[in-house]
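Here's the structure, in structure tokens; my notes come after.
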Amino acid sequence: MSALQIHQFPALNDNYGFVVRDQASGQVACIDTPDAEAVTAALTAQGWGLDYILNTHWHPDHTGGNAALKDRYGCLIYGPEEVRRAAPLDQVLSGGDRFALGQTVFDVLDLKGHTLGHIGYAAASEKVAFVGDTLFALGCGRLFEGSAEDMWGSLQRLLALDPQTTLYCAHEYTLSNLKFAESLGPFPALEARGADIRARRAQGEPTVPMRLADEIATNPFVVYPLKEPGFAAQAAKFGEIRAAKDRF
């Protein structure tokens with residue numbers, strides 16, 4: 001049995017929220033706070049309190065519930081320094097740090113690109129990672145603050161995880177990402193995944209979480225750059241594809 005319980009729930013228009021509980025200690029954390037009421041409802045449904053908030057970046061659809069949840073639960077808020085641009089923060093985390101939720105240890109990953117301070121949380125023992133707006137199912141985050149080189153470096157850090165890692169991203173963007181991926185040229189692995197995605201969305205089912213191995217095989221922001229020799233060429237190809245998606 002997993003040492004970490006994960007409860008996923010929808011929030012706002014297309015966000016997902018996640019509350020997680022370390023079974024050994026009973027400690028609970030919320031990964032980002034898109035909406036305080038949605039987080040509270042999820043915690044109440046599970047019968048959980050809230051000890052920590054773990055923010056991935058500063059955008060309001062990820063930090064908007066920080067203040068209300070801290071007032072309600074007295075929780076501590078951890079995240080990158082940039083969170084202070086939009087919401088309360090108690091403790092700064094940066095890439096290379098570790099955070100212990102009871103006996104579950106998360107490695108803090110530097111995932112800059114979408115924003116300059118974006119981080120993620122990976123628990124190797126559980127083969128799970130919470131990646132915010134860095135890597136989506138068949139997609140990746142827009143480069144609002146960082147460069148293509150920044151984001152490609154961040155994607156490489158995710159690609160270094162166990163391929164069987166389950167990735168939890170923060171938005172249900174998969175159908176639009178699929179249409180873009182198909183516009184670049186379908187291939188068997190993408191066709192098979194696309195059929196599954198369309199069937200799931202037709203039933204109102206989420207396409208998140210996803211396996212890293214499936215992103216390696218089908219995500220155009222990974223597949224095409226990896227065909228290039230060396231970091232510079234890979235980052236340049238990634239930048240081309242990101243720009244094409246922005247225009248799509």
Side-chain angles (χ1 to χ4, degrees), residues 1-10 14-21 23 29 31-32 54 56 101 104-111 113-114 118-141 151-182 184-227 234 238 241-242 245:
M1 183 174 66
S2 174
L4 188 70
Q5 292 176 268
I6 301 173
H7 176 63
Q8 174 177 318
F9 54 94
D14 53 30
N15 281 70
Y16 288 119
F18 311 99
V19 288
V20 302
R21 180 180 182 272
Q23 300 228 65
I31 314 296
D32 287 331
L54 303 178
T56 61
L101 180 69
T104 304
V105 177
F106 290 93
D107 290 304
V108 179
L109 307 177
D110 174 4
L111 298 182
H114 183 64
H118 197 303
I119 59 175
Y121 300 90
S125 64
E126 302 300 304
K127 294 186 180 179
V128 299
F130 296 89
V131 299
D133 285 0
T134 297
L135 186 67
F136 297 123
L138 295 178
C140 74
M151 184 66 101
W152 181 243
S154 295
L155 293 179
Q156 286 200 319
R157 282 184 278 280
L158 292 177
L159 295 176
L161 300 176
D162 187 311
Q164 298 308 310
T165 298
T166 299
L167 303 176
Y168 291 85
C169 67
H171 292 275
E172 183 59 67
Y173 290 161
T174 313
L175 268 182
S176 62
N177 290 340
L178 172 61
K179 292 172 184 176
F180 173 70
E182 290 172 336
L184 299 178
F187 48 91
L190 180 61
E191 291 173 4
R193 189 176 182 196
D196 176 68
I197 286 167
R198 287 190 168 94
R200 289 166 68 180
R201 292 308 295 154
Q203 296 297 318
E205 297 175 1
T207 62
V208 176
M210 62 281 191
R211 279 192 322 151
L212 177 58
D214 293 329
E215 299 311 309
I216 293 171
T218 59
N219 189 318
F221 296 95
V222 174
V223 170
Y224 295 107
L226 285 178
K227 294 180 179 179
Q234 291 170 355
F238 168 81
I241 297 170
R242 183 62 257 182
K245 178 64 164 63

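In this chain, residues are counted from 1 in sequence order.
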Atom pair [atom1] ([X]) and [atom2] ([Y]), whose distance is rounded to the nearest 0.5 Å:
{"X": "Asn177", "Y": "Asn219", "atom1": "CG", "atom2": "CG", "value": "7.5 Å"}
{"X": "Tyr168", "Y": "Ile31", "atom1": "OH", "atom2": "CD1", "value": "10.5 Å"}
{"X": "Arg193", "Y": "Arg211", "atom1": "CZ", "atom2": "CZ", "value": "9.0 Å"}
{"X": "Asp214", "Y": "Thr207", "atom1": "CG", "atom2": "OG1", "value": "11.5 Å"}
{"X": "Asp133", "Y": "Asp32", "atom1": "CG", "atom2": "CG", "value": "8.0 Å"}
{"X": "Thr56", "Y": "His118", "atom1": "OG1", "atom2": "NE2", "value": "4.0 Å"}

Minimum-distance pair of heavy atoms, taken over all atoms of [X] and [Y]:
{"X": "Val222", "Y": "Leu159", "value": "CG1-CD2, 3.8 Å"}
{"X": "Leu4", "Y": "Gln23", "value": "N-CG, 4.4 Å"}
{"X": "Leu212", "Y": "Asp162", "value": "CD2-O, 3.6 Å"}
{"X": "Thr104", "Y": "Ala123", "value": "CG2-CB, 4.0 Å"}
{"X": "Pro10", "Y": "Tyr16", "value": "CA-CD2, 4.1 Å"}
{"X": "Glu172", "Y": "Pro206", "value": "OE1-CA, 3.5 Å"}

Whether Tyr121 and Phe106 hold their rings parallel, tilted or perpendicular, with breakpoints at 30° and 60°: perpendicular
Check: [X] side chain, [Y] main-chain N or O, donor-acceptor pair, under 3.5 Å:
{"X": "Arg21", "Y": "His7", "answer": "no"}
{"X": "Arg157", "Y": "Asp110", "answer": "yes"}
{"X": "Arg200", "Y": "Gly204", "answer": "no"}
{"X": "Glu126", "Y": "Ala3", "answer": "yes"}
{"X": "Asp107", "Y": "Ala124", "answer": "no"}
{"X": "Glu215", "Y": "Leu138", "answer": "yes"}

Does any non-hydrogen side-chain atom of [Y] lie less than 4.5 Å from one of [X]?
{"X": "Phe130", "Y": "Leu54", "answer": "no"}
{"X": "Phe18", "Y": "Val128", "answer": "no"}
{"X": "Ile241", "Y": "Pro225", "answer": "yes"}
{"X": "Phe221", "Y": "Lys245", "answer": "yes"}

Test of understanding: with side-chain hydrogen bond (donor to acceptor under 3.5 Å, both in side chains), list the residues that count as partners of Tyr173, not counting sequence neighbours. His171
Given Thr166 and Lys127, is the side-chain contact (heavy atoms from CB on, under 4.5 Å) satisfied, shown in steps? CA-CA 6 Å; Thr166 299; Lys127 294 186 180 179; 5.9 Å; no
Yes or no on side-chain contact (heavy atoms from CB on, under 4.5 Å) for Phe9 and Val19, after CA distance, side-chain angles and deciding distance? CA-CA 9 Å; Phe9 54 94; Val19 288; 4.1 Å; yes
